[in-house]
Amino acid sequence: MSKTISVGLLGMGTVGSGVLKIMASNCSNIEQKIGGSVKIKKVLVRNPQKARGVTTDAEIVTDIASIVNDPEVQIIVEVMGGELPAKDYILQALNAGKHVVTANKDVVAKYGRELFAAAEANRVDLLFEASVGGGIPIIRPLKQCLAANRIHEVMGIVNGTTNYMLTKMSKERLEFDEVLAEAQAKGYAEADPTADVGGFDAARKIAILASIAFNTRVTLDDVYIEGITGISLQDIDYATELGYVVKLLAIAKEDQYGVNVRVHPAFIAASHPLAAVNDVFNAIYVKGDAVGEAMFYGRGAGEMPTASAVTADIIDVARDIRHGVSSRILCTCYEDKAITSVDKTESPYYLRLLVEDKPGVLAAIASAFGAQQVSLHSVIQKRKVGGFAEIVLITYRVSHANLKLAVKILEGMSVVSKVSSVIRVEAEEID
Ligand code: NAP
Ligand code: HSE
């Protein structure tokens, strides 16, 4: 057997601890797959005194230089999270000729171009399977297994925290804050959960997937984002009643204008395959010209699933090192496509309004919609709230721009007390 491959692990939180556990429990299996031994030599943390749920014989350090400058360390695994100093540490590692594995979508989505250029210049690997979909293989399938395809669409549930929350709200009728606290306690949520509930985490992930699927660099700024903070139990109940489920969707499609990339809550038919994706599970649905439809499903967050993807990347790099190859598959963004403005995107919409309960109100609302070329598929008067009538509308397919104008007009109408919710409906049957 050849010399042991040494790894420097940056971070020993949820994911880092999982990596240490897998490397310990599956050690001989992993070494046989690599054809040589691999060990975590050093671990970087912020606070070496902190009690940990895992033990290791690796050296615990607080200084990145002691890892980057260690000539024995060939692979650096970044599982610290956040943009900085993680991005700087990754760059230092690449420039020191170390292969890098990261789970950090913040860094990959924002600094991908710069980091891949550094990996290429230094002829080292840069792998990031865990950055999207936690334990689900999706980066490697898109880059390698589906490389023969022209991809038309990637659509998925890519944030475990919000899917867990929406599932709990729907099935157990729990309130938003309660279910968020549960997701945090389970280690699913980001350090700042605004990234999850605000849709930014999903946006970073779909930016990464869109860049790979459409071979053009898509960054966070290119993604239209709506989170789930406006979703109430009332909307979830109406969705159920109308035969839908509320999910936070991340969507990337190529259309006549360019690449259309967005994250928003949506009503999807209860019979849609994504409707059955519950709890912390994620699923990513891909349409390619040769493969047709493919769906990837699994745990999108959590200690062991995420560590599974990180450790697989370590194994892949170690195999490359053993075989004397590197930087085989780096940046695949060889095109420069336009981003479609969200105003041009079209879908049916669900709206919930509080209006005066008197004759002629529904007709006035229908004519306000009509003036913006918004046709109504269905209108249901539901219940009384504080003296007002609550009505639920589903529109036919309409552009985001026209829908926005219609909502603005509604908000200015004296008979409309409140536009409580506006949520897209992803349903091909409403045209
Ligand atoms: P975490 O539990 O907060 O752990 C972060 C670790 O990094 C801690 O050990 C912390 O040290 C260390 N660290 C942070 N900043 C540091 C600094 N400036 N210098 C030295 N050490 C530092 O985070 P996590 O949940 O494991 O997430 C890690 C990464 O994986 C993130 O990029 C996240 O987005 C990604 N990810 C997480 C999941 C998940 O389910 N958690 C899933 C997929 C991807 P101390 O322990 O001393 O504080
Ligand atoms: N906070 C993220 C989620 C972790 O809930 O999906 C996985 O990236």
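Being a predicted model, the structure only gives us computed values, none of them experimental. Quick note: numbers below take in every heavy atom, side chains included, and nothing from hydrogens, waters or symmetry partners. Read the numbers this way: they start at 1 and go in the same order the structure lists the ligands and their atoms.
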> For atom 10 (C) of ligand 1, find the nearest protein heavy atom and state the residue, atom name and distance (0.1 Å precision).
Arg46 NH2, 3.8 Å
> Ignoring hydrogens and geometry, is there a side-chain-to-backbone donor-acceptor pair from Lys205 to Val158 under 3.5 Å?
yes
> Would you check if the side chain of Asp316 reaches a backbone N or O of Ala312 as a donor-acceptor pair within less than 3.5 Å?
no
> Protein heavy atoms: any of them under 4.0 Å from atom 3 (O) of ligand 1?
no
> Hey, does Gly302 sit under 4.0 Å from ligand 1 if you only count heavy atoms?
yes
> N/O of Ala189 under 3.5 Å from N/O of ligand 2, yes or no?
no
> Tell me, which protein residue and heavy-atom name are nearest atom 36 (N) of ligand 1, and how many Å apart are they?
Lys105 NZ, 3.8 Å
> Could an N or O of ligand 2 be found under 3.5 Å from any N or O of Asp196, whether backbone or side chain?
yes
> Hey, is Asn159 touching ligand 2 through its side chain, its backbone, both or neither, going by heavy atoms under 4.0 Å?
both
> Under 4.0 Å, heavy-atom basis, I'd like to know which part of Pro85 is in contact with ligand 1: side chain, backbone, both or neither.
side chain
> Looking at Asn47, I want to see if its CG is surrounded by more than 12 non-hydrogen atoms of other residues, nucleotides or ligands under 6.0 Å.
yes
> Looking at ligand 1, does Glu303 have a heavy atom less than 4.0 Å from it?
no
> Ignoring angles and geometry beyond distance, decide whether Ser131 reaches within less than 3.5 Å of ligand 2 through its nitrogen or oxygen atoms.
no
> Using heavy atoms and a threshold below 4.0 Å, how should the contact between Asp201 and ligand 2 be classified: side chain, backbone, both, or neither?
side chain
> Strictly distance-based, threshold 3.5 Å: is any side-chain N or O of Ser17 a donor or acceptor partner for the main-chain N or O of Met12?
yes
> At under 4.0 Å between heavy atoms, which part of Glu78 makes contact with ligand 1: side chain, backbone, both or neither?
neither
> For ligand 2, is there an atom lying under 4.0 Å from some heavy atom of Gly134?
no
> Does atom CZ of Arg352 have more than 12 heavy-atom neighbours from other groups under 6.0 Å away?
yes
> Tell me: protein heavy atom nearest atom 8 (O) of ligand 2, and distance?
Lys105 NZ, 2.6 Å
> Considering only distance and modelled atom types, tabulate donor-acceptor pairs under 3.5 Å from the side chains of residues 177-187, sequence neighbours left out.
from	atom 1	to	atom 2	distance (Å)
Glu182	OE1	Tyr164	OH	2.8

> Could you check whether Glu390 and Tyr238, counting side-chain N and O atoms only, form a donor-acceptor pair closer than 3.5 Å?
yes
> Please state which option from Val79, Leu84, Leu44 has its nearest heavy atom closest to atom 28 (C) of ligand 1.
Val79
> What about Phe116 and Phe128, are their ring centers closer than 6.0 Å?
yes
> I need the nearest protein heavy-atom contact for atom 2 (C) of ligand 2: residue, atom name and distance, please.
Glu190 OE2, 3.2 Å
> Between Lys98 (side chain) and Val73 (backbone), is there a donor-acceptor pair under 3.5 Å?
yes
